[in-house]
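Working notes for the structure below.
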Amino acid sequence: MGNLIVDGKRTDGRGPLDLRPLRIEVGTIKNAAGSSYIEHGKNKIYVAVYGPKDSHRFGTSLERAVIRCRYHMSPFSTEERKSPQPSRREIEISKVIRNALEPSLILDEFPKTLLDVFIEVLQSDGGSRSASITAASVALADAGIPMRDLVQAVAVGKVDGTLVVDLNDKEDKEGEVDLPVAFMLNENMITLLQMDGKLTVDEFKEAVKLAREAAVKIKEKQKEALGRKYFGMVDEK
Ligand code: ADP
């Protein structure tokens, strides 16, 4: 502690409220019903959505599509080689990502079907679950799944006693608090909230407010990415 913020600058030169560079592309995997690619800081993540496809397997619902989600980190996504086997962490993250996306989707239009969301992290840099949610929501829109709103996520936290937005890997590991939050802004809903560390109630409220402000910016990037594919729009910058 004590070296993550120096003269108001973070380890990567950002101010406390700055997001890392964010780039989203839509339609990156042609075989998939919907797909996306995100670079959020040094995170590089592909998402492919397959389905809804008819299924009579055990666990399929008569009322609605069942969504399955697989978050996977490639063996070369971290400094130390990561085992290709799904870890307990990846199984948990797959589940929280599914829970974060599901409230946004209108799944009762597709009874007796399965919807698969595959998330492959090629390079990870802290906040990979948040970047995965942001990218997966765009891929689901690309697949034409009706939705109430796009979902976007960001990790806020506390490092060297200061609240900061969009933690990088070092801040995630060495900071005091990591708080990933996902939003459905139109519905004023939070669909994921996890906290590692401790905040006072006031700090917590401020952190969620900062995350919400970041989500507004991330949603713009999601909409621009979809606009480029579907409306031939060109970015302003
Ligand atoms: P998130 O990526 O959502 O912040 P965590 O807080 O669990 O998820 O992990 C923080 C970061 O730690 C990851 O983004 C990744 O860079 C790194 N990490 C996670 N699992 C491993 C692993 N098995 N080996 C090395 N680094 C890892």
Side-chain angles (χ1 to χ4, degrees), residues 1 3-4 10-14 19-26 28-32 34-50 67-102 114-140 151-159 164-182 191-197 211 214 218 221:
M1 188 169 154
N3 59 351
L4 292 173
R10 295 158 69 180
T11 51
D12 49 17
R14 281 183 292 158
L19 286 172
R20 291 173 289 180
L22 175 61
R23 182 163 83 88
I24 305 174
E25 279 175 40
V26 182
T28 45
I29 297 171
K30 300 296 172 211
N31 281 354
S35 57
S36 65
Y37 172 68
I38 190 166
E39 284 183 5
H40 191 154
K42 284 185 271 176
N43 287 298
K44 292 179 185 238
I45 304 168
Y46 274 100
V47 181
V49 172
Y50 286 83
I67 171 169
R68 295 189 296 195
C69 190
R70 176 190 193 257
Y71 161 101
H72 182 251
M73 293 208 327
S74 75
F76 54 86
S77 63
T78 53
E79 253 166 60
E80 287 274 313
R81 175 184 180 275
K82 183 208 149 274
S83 159
Q85 299 299 330
S87 62
R88 285 177 54 160
R89 172 181 170 274
E90 286 165 296
I91 293 165
E92 183 216 312
I93 292 183
S94 300
K95 193 166 172 244
V96 298
I97 291 177
R98 173 165 57 76
N99 290 347
L101 295 168
E102 203 165 11
L114 280 174
L115 185 60
D116 275 312
V117 180
F118 296 105
I119 297 164
E120 282 295 320
V121 180
L122 303 187
Q123 182 168 281
S124 84
D125 178 32
S128 67
R129 81 193 62 202
S130 305
S132 297
I133 290 167
T134 301
S137 185
V138 164
L140 286 158
V151 181
Q152 49 291 129
V154 67
V156 289
K158 188 164 143 183
V159 303
V164 297
V165 176
D166 192 17
L167 303 180
N168 64 32
D169 193 36
K170 196 170 164 65
E171 293 170 334
D172 183 310
K173 292 192 173 118
E174 297 175 21
E176 295 101 273
V177 180
D178 171 24
L179 180 84
V181 199
T191 65
L192 167 109
L193 196 147
Q194 296 182 290
M195 184 155 87
D196 188 1
I218 296 170
K221 295 276 185 180

Notebook entry, point to check: Which is it for Y71 and R98 under the side-chain hydrogen bond (donor to acceptor under 3.5 Å, both in side chains) test, yes or no, and what are the steps along the way?
Noted result: CA-CA 10 Å; Y71 161 101; R98 173 165 57 76; over 6 Å; no

Next item on the list: Take L140 and L115 through the side-chain contact (heavy atoms from CB on, under 4.5 Å) test and state the conclusion after the steps.
Entry: CA-CA 10 Å; L140 286 158; L115 185 60; 3.9 Å; yes

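Between A182 and V151, the shortest heavy-atom contact is CB-CG1, 4.0 Å. Heavy-atom minimum distance, R20 versus G126: NH2-O, 3.2 Å. Closest approach of A100 and T191 over heavy atoms only: O-OG1, 2.8 Å.
How far CG of L4 is from OG1 of T11: 6.5 Å, rounded to the nearest 0.5 Å. Rounding to the nearest 0.5 Å gives a distance of 8.0 Å between CG of D166 and CG of L22. Distance CG/L122 to NZ/K44: 8.5 Å, rounded to 0.5 Å. Between the CD1 atom of I67 and the CG atom of L101 there is a distance of 5.5 Å, given to the nearest 0.5 Å. Between the CE atom of M73 and the CG atom of N43 there is a distance of 10.0 Å, given to the nearest 0.5 Å. One distance of note links CD1 of I97 with CD of E92; it measures 10.0 Å at 0.5 Å rounding.
Counting only residues at least two apart or on different chains, the salt bridge (Lys or Arg N to Asp or Glu O under 4.0 Å) pairs with a member in residues 67-85 are R68-D116, R70-E120, K82-E90.
Using a 4.5 Å heavy-atom cutoff, the side chains of Q194 and V96 are in contact. In this structure the side chain of N31 reaches within 4.5 angstrom of the side chain of Y50, judged on heavy atoms. For the pair V159 and E174, the minimum side-chain heavy-atom distance is 4.5 Å or more.
Residues satisfying the side-chain contact (heavy atoms from CB on, under 4.5 Å) test with T28, not counting sequence neighbours, are E25, S35, Y37, Y46.
Taking a cutoff of 4.0 Å between a charged side-chain nitrogen and a carboxylate oxygen, K42 and D169 do not qualify as a salt bridge.
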